[in-house]
Amino acid sequence: MRVIVAGMGVQGHKRRRVAGDECVATVDPVGDGVDYRDIEAVPLESYDAALCCIPDGPKREMLTYLLSNGKHVLVEKPLWTPALSDIDELERLSELNDAVCYTAYNHRFEPHFVGLKALLDDGALGELYSCRMFYGNGTAKLVRDSVWRDEGAGVLPDLGSHLLDTTEFLFGVQREDFSLVAANAFENRAADHVIISAEAARPRIELEMTLLSWRNHFTCDVYGELGSAHVSSLCKWGPSSLTFYSRIMPAGRPPQQTTTLVQDDPTWEAEYHHFKQLIKARSRGNLSTDKWLMQRIDALSGAVIEGASRA
């Protein structure tokens, strides 16, 4: 497969490195050492797919151009458009031109996320009661200094999109009942700390996200009738661990199984391989998930902006 990388920021350089010899050109309107300034300048016959690592604003226009010309697309999350009908149109172009449109959520390929999902799918925890996730990094100043990131609902679309997507990955449902618990703008103009929850069904889900965690960290705690499972950290921040406690009835110290990994982040290569497999299988990608995420974040954004403005 021949790919081009559009947008040579941090993500673009990661995608370029993983693509290796399959990358035939790079595109960036202002970046140094790229092959083209405009994606439409790249000869269509020279590539099969594009890895789009670009800001939210130009995504719809670029994806429309690529899919209209039968090019497969991997686009960095989140995929926001002015209206849901725009995603419907991208889906139509994908089907019409037999081109995969895949939004990248690389955390689905985190080894302990995969391990936790296997525990849940096997019923090891029995009936699920609750799940709490925390995702924090220390990028408040970087976001504040950005010309486009410190606005709107702030951390919600950035880290919240990952957390919401992870709930679908783990539990296989697209919950509609998320509501705002807290929104704060401690250092930034837009919200840099948000908590949302879904309480209408089991498992109850609570998601906390922040740009103020000076030591990057992730946790996920799932509790059920037969035990609990706990993910601590991500491979890129390692060491990371997955612990399973098997409940003792009526009470007692539970047996513990812990797997700890110390390794480089494997998710980028795994996701690129997945993208190529989607193309090989002639799949349509995951735009239905984008529509659900867009609806949920749009529904929460107003309350987040209002809450942060009062903080």
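The figures that follow rest on heavy atoms only: side chains count, while hydrogens, waters and symmetry mates do not.
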Q) Taking all atoms of both residues into account, what is the closest heavy-atom pair of Val262 and Pro239, and its distance? A) CG2-CB, 3.5 Å
Q. Between Ile4 and Val24, is any pair of side-chain heavy atoms under 4.5 Å apart?
A. yes
Q: Using the side chain to side chain donor-acceptor pair (under 3.5 Å) rule, collect all pairs that involve residues 215-226, keeping only residues at least two apart or in two chains.
A: Asp221-His230
Q.
Count I, L, V, M, F, W, Y as connected when their side-chain heavy atoms are under 4.5 Å apart, and connections chain through other members. Are Phe275 and Leu67 then in the same cluster?
A. no
Q | Cys101 versus Leu63, closest heavy-atom pair with distance | A | SG-CD2, 3.9 Å
Q: Show your working on side chain to side chain contact (heavy atoms under 4.5 Å, CB included) between Val304 and Leu180 and close with a plain yes or no.
A: CA-CA 7 Å; Val304 169; Leu180 180 66; 3.8 Å; yes
(Q) Does Asp264 have more than 12 heavy atoms from other residues, nucleotides or ligands lying within 6.0 Å of its CG? (A) no
Q. Quick one: hydrophobic cluster around Met249, which other residues, with the 4.5 Å side-chain cut-off, linked directly or via members?
A. none
Q) Can you tell me how far CG of Leu212 sits from NZ of Lys141, rounded to the nearest 0.5 angstrom? A) 14.0 Å
Q. What pairs meet the ring-ring contact (aromatic ring centres under 6.0 Å, His included) rule with one or both residues in residues 25-74, with sequence neighbours excluded?
A. none
Q: Using a strict cut-off of less than 4.0 Å between a Lys/Arg side-chain nitrogen and an Asp/Glu carboxylate oxygen, indicate whether Arg284 and Asp98 qualify as a salt bridge.
A: yes
Q.
Run the side chain to side chain contact (heavy atoms under 4.5 Å, CB included) test on His13 and Met8 for me, step by step, so that the C-alpha distance in whole Å, both residues' side-chain angles and the decisive distance to 0.1 Å come before the verdict.
A. CA-CA 6 Å; His13 281 94; Met8 293 306 295; 3.8 Å; yes
Q | Close side-chain approach of Ile297 and Pro78, heavy atoms under 4.5 Å | A | no
(Q) Please give the remaining members of the hydrophobic cluster of Leu226, linking ILVMFWY side chains under 4.5 Å, ordered by chain and number. (A) none
Q | Under 3.5 Å side-chain donor-acceptor pair for Thr243 and Thr258 | A | yes
Q) Listed by chain and number, what are the side-chain contact (heavy atoms from CB on, under 4.5 Å) partners of Glu269, not counting sequence neighbours? A) Val18
Q: Indicate if Val181 and Val194 have the same hydrophobic cluster label, given that clusters are the connected sets of ILVMFWY residues with side-chain heavy-atom separations under 4.5 angstrom.
A: no
Q) With no hydrogens and no angle check, is any side-chain donor or acceptor of Asn137 less than 3.5 Å from a backbone partner on Thr139? A) yes
Q: Could you tell me whether the side chain of Leu142 reaches within less than 4.5 Å of the side chain of Leu211, counting heavy atoms only?
A: no
Q. Would His274 and Tyr102 count as a close aromatic pair, with their ring centres under 6.0 Å?
A. yes
Q. If every non-hydrogen atom of Trp237 is compared with every non-hydrogen atom of Gly136, which pair is closest and at what distance?
A. CH2-O, 3.9 Å
Q: Flag the pair Met209 / Ile196 as yes when at least one side-chain heavy-atom distance between them is below 4.5 Å, and no otherwise.
A: yes
Q. Counting only N and O atoms by type, is there a donor-acceptor contact under 3.5 Å from the side chain of Lys117 to the main-chain atoms of Phe169?
A. yes
Q: Measure the spacing between CG of Asn286 and OG1 of Thr103 and express it to the nearest 0.5 Å.
A: 4.5 Å
Q. Are Arg149 and Arg144 side-chain neighbours, meaning at least one heavy-atom pair lies under 4.5 Å?
A. no
Q. Between Arg37 (side chain) and Gly31 (backbone), is there a donor-acceptor pair under 3.5 Å?
A. yes
Q: Decide yes or no for Leu90 and Thr64: does some side-chain heavy atom of the first lie under 4.5 Å from some side-chain heavy atom of the second?
A: yes
(Q) Run the side chain to side chain contact (heavy atoms under 4.5 Å, CB included) test on Leu156 and Ser301 for me, step by step, so that the C-alpha distance in whole Å, both residues' side-chain angles and the decisive distance to 0.1 Å come before the verdict. (A) CA-CA 8 Å; Leu156 177 68; Ser301 290; 4.1 Å; yes
Q) Just by distance, do the side chain of Ser232 and the backbone of Ser240 share a donor-acceptor pair under 3.5 Å? A) no
Q) Hey, quick one: are Leu164 and Leu79 part of the same hydrophobic cluster, counting side-chain heavy atoms closer than 4.5 Å, chains of contacts allowed? A) yes
**Q.** All side-chain contact (heavy atoms from CB on, under 4.5 Å) counterparts of His107, not counting sequence neighbours
**A.** Phe113, Tyr135, His162, Leu234, Lys236
Q. Same cluster for Phe218 and Trp268 if Ile/Leu/Val/Met/Phe/Trp/Tyr side chains link at under 4.5 Å?
A. no
Q: Would you please name every residue forming a salt bridge (Lys or Arg N to Asp or Glu O under 4.0 Å) with Arg175, sequence neighbours left out?
A: Asp177
Q | With Thr166 via side chain to side chain donor-acceptor pair (under 3.5 Å) - residues at least two apart | A | none
Q.
Nearest 0.5 angstrom please: Arg202 CZ to Ser130 OG, how far?
A. 9.5 Å
Q.
Distance check, rounded to the nearest 0.5 Å: Gln257 atom CD versus Leu119 atom CG?
A. 8.0 Å
Q: Nearest 0.5 Å please: distance from the CG atom of Asp88 over to the OG atom of Ser288.
A: 11.0 Å
Q) Just how far is it from atom CZ of Arg92 to atom OG of Ser68, taken to the nearest 0.5 Å? A) 8.0 Å
Q | Among Thr289, Asp158, Asp290, the one residue meeting side-chain hydrogen bond (donor to acceptor under 3.5 Å, both in side chains) with Lys77 | A | Asp158
**Q.** All ring-ring contact (aromatic ring centres under 6.0 Å, His included) counterparts of Phe244, not counting sequence neighbours
**A.** none
Q. What are the two closest non-hydrogen atoms of Arg204 and Ser197, and how far apart are they?
A. NH2-CB, 4.4 Å
Q) Would Val30 and Ile54 show up in the same hydrophobic cluster when neighbours are defined by side-chain heavy atoms closer than 4.5 Å? A) no
Q: Heavy atoms only: give me the nearest Ala191-Ala153 pair and the separation to one decimal.
A: CB-O, 4.0 Å
Q) Considering all heavy atoms of both residues, which atom of Leu125 and which atom of Ser228 are nearest to each other, and what is their separation? A) CD2-CA, 4.0 Å
(Q) Is it true that Glu208 and Thr210 share a donor-acceptor pair across their side chains at a distance under 3.5 Å? (A) no
Q) Which pairs pass salt bridge (charged side-chain N to carboxylate O under 4.0 Å, His left out) with one or both residues in residues 55-71, sequence neighbours excluded? A) Asp56-Lys59, Arg60-Asp86
Q.
Does anything in residues 104-116 form a salt bridge (charged side-chain N to carboxylate O under 4.0 Å, His left out)? List the pairs, not counting sequence neighbours.
A. Arg108-Asp165, Arg108-Glu168
Q.
Under a 3.5 Å distance rule, please check whether Asn184 uses its side chain to pair with a backbone N or O of Phe186 as donor and acceptor.
A. no
Q | Check: Asp265 side chain, Thr267 main-chain N or O, donor-acceptor pair, under 3.5 Å | A | yes
Q: Would you check if Asp192 and Val143 make a side-chain contact, meaning some heavy-atom pair closer than 4.5 Å?
A: no
**Q.** Side chain to side chain, Glu206 and Phe134, heavy atoms closer than 4.5 Å
**A.** no
**Q.** Inter- and intrachain pairs under side chain to side chain donor-acceptor pair (under 3.5 Å), touching residues 15-31, at least two apart
**A.** Arg15-Glu76, Arg15-Glu271, Glu22-Tyr272, Glu22-Lys276, Thr26-Asp35
